Amino acid sequence: MSEPVDPSKVRAEAVVDLGAIRHNVAALRARAATAQLMTVVKADAYGHGMIPVARAAREAGADWIGAAVLDEALALREAGDTGPIFCWLTTPGEPLEQAIAAGIDLSASAPWEIDEIAAGVDDRPARVHLKIDTGMSRGGAVPEDWPDLIRAALAEVRTGRIEIAGVWSHLASSDEPKSPVNEYQVATFTSAVDVVESFGIDPGLRHLANSGGTLALPETHFDLVRPGIATYGLSPFGHEVPGEEFGLRPAMTLHARFAMVKRVPAGVGVSYGLTWTAPKPSTLGLVPLGYGDGLPRHASNGAPVQVAGERRTIVGRICMDQCVVNLEDDQAAAGDEVVLFGPGVDGEPTADDWADAAGTISYEIVTRLGARVPRRYVGGR
Ligand SMILES: *Cc1c(COP(=O)(O)O)cnc(C)c1O
């Protein structure tokens, strides 16, 4: 699957455990046993690599693959995925006819989207999921506009150009399972489905849940769940409820090798702006990764790493290509391994630790990892 590499010689790499992906997909299926499962692989599978992840997810029984944008969905088909694929974010003028010809399910939130989809139909009808805005105010028809969307869809069902394959929405606050917003969204969703049925239409697959809903809100499962982040073994709840409580296994480990190690005297400043000063004679390790690789610059002066089993800290600003670790009085040499984050089972920091250091969420830590960092796959079949 990937080029043979000698891990002891790489600058840096993200190791992605496809066994963990399969394990997590199976755990999510068990969690929402009465629903179908859509594995969300948008944004290059949250930085893990879309095609290998989609393949592993199918092996573990994912009924659907979910992609945000059209290029992602088409790339899945080109890679040979023949199963159900749903793509939900298109803009006017995009080549919907390609998606329809490729048998990709599309979403519509407004009558003009129904028109665009219908115009892209050749010999096979387009499968459309109608989106209701249940309170997040992102995509979806607001409840006042919902009947107009249904009428537009119904007109094209009658021409034979579209089939209504589903009714769906998205949760705004499932990372706070106790928030009353969840209950409100379920109620709004249920009424929207009732309206569809009142037109004499079968709503098809009803779907609402992301990872938070899949893991913590069974009343959001309906016919299909769409977990993303949990597939990668990360918890939508961050440190509050770690993924291991749901039996999830983080799939990605980011590690590098020091480009240089040196001893500096007390009082020297480190990296741009010299924002950190060595309080005593210190050993510094130069990590050949920076914000150009996707490390968050906000994690300067504080992000954790692991070196030879010890927790160490990034000092000074994270640069475009490099950053500096305070190795204190450790014995270390250029070429030694530094683990930035991983599953956390051997004491290494996790993506959540990095998220805390950068004031963000684990989603952003893994998803932003750039194309300059090679991915190496283990645990493949
Ligand atoms: C990203 C996304 C998901 C998955 O969300 P997670 O919180 O990562 O589980 C599901 N549905 C839609 C529409 C999304 O945009």
Side-chain angles (χ1 to χ4, degrees), residues 21 24-25 27-29 31-32 35-48 50 53-54 57 62-73 76 84-91 104-109 113 128-141 165-177 179 181-182 185-186 189 205-218 220-238 240-241 243 246 248 250-252 351-352 355 360-368:
I21 300 283
N24 297 331
V25 168
L28 290 161
R29 284 184 71 196
R31 195 97 199 162
Q36 294 184 41
L37 181 89
M38 179 186 297
T39 295
V40 174
V41 299
K42 61 189 179 187
D44 205 23
Y46 295 46
H48 293 67
M50 182 175 75
V53 166
D63 306 286
W64 288 78
I65 299 293
V69 302
L70 214 48
D71 283 349
E72 295 170 338
L76 286 160
I85 295 176
F86 179 48
C87 170
W88 59 78
L89 186 61
T90 57
T91 39
I104 291 161
D105 283 34
L106 296 169
S107 172
S109 294
E113 285 190 283
V128 181
H129 299 232
L130 303 179
K131 185 169 194 194
I132 173 80
D133 179 356
T134 51
M136 186 168 175
S137 307
R138 205 170 65 172
V167 171
W168 76 293
S169 189
H170 193 57
L171 295 170
S173 299
S174 64
D175 57 330
E176 298 168 50
S179 165
V181 170
N182 295 307
Q185 286 197 269
V186 168
F189 185 67
L205 292 169
R206 301 162 301 156
H207 50 110
L208 179 60
N210 50 8
S211 293
T214 305
L215 294 171
L217 298 165
T220 65
H221 289 180
F222 292 95
D223 303 316
L224 168 72
V225 294
R226 306 186 309 268
I229 195 72
T231 306
Y232 308 99
L234 302 174
S235 170
F237 314 111
E240 230 153 272
V241 194
F246 303 104
L248 301 174
M252 185 192 284
D352 274 311
T360 184
I361 53 177
S362 65
Y363 292 69
E364 191 177 354
I365 298 298
V366 290
T367 303
R368 280 207 179 208

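Each residue takes its place number in the sequence, starting with 1. Only heavy atoms go into these numbers, but all of them, side chains included; no hydrogens, no water, no symmetry mates. We count ligands from 1, going down the list as the structure has it; atoms in each ligand are counted the same way. Values in this document were obtained by computation on a predicted structure and should not be read as measured data.
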Problem set entry | Minimum heavy-atom distance G139-D133, with the two atoms named | O-CB, 3.6 Å
Seminar exercise, completed: Of all heavy-atom pairs linking V366 and A351, the shortest is CG1-CB, 4.2 Å
Exercise. Is any side-chain heavy atom of D63 closer than 4.5 Å to a side-chain heavy atom of P84?
Worked result: no
Problem set entry | Value rounded to 0.5 Å, distance of CD1 in I65 from CD1 in I104 | 12.0 Å
Exercise. Nearest 0.5 Å, what's the CG-CG distance between L234 and N24?
Worked result: 8.5 Å
Exercise. Heavy atoms under 4.0 Å from ligand 1: which residues qualify?
Worked result: V40, K42, Y46, W88, R138, W168, H170, N210, S211, R226, P227, G228, I229, Y363
For this session: Decide whether S169 and T134 meet the rule of one side-chain donor and one side-chain acceptor closer than 3.5 Å.
Result: yes
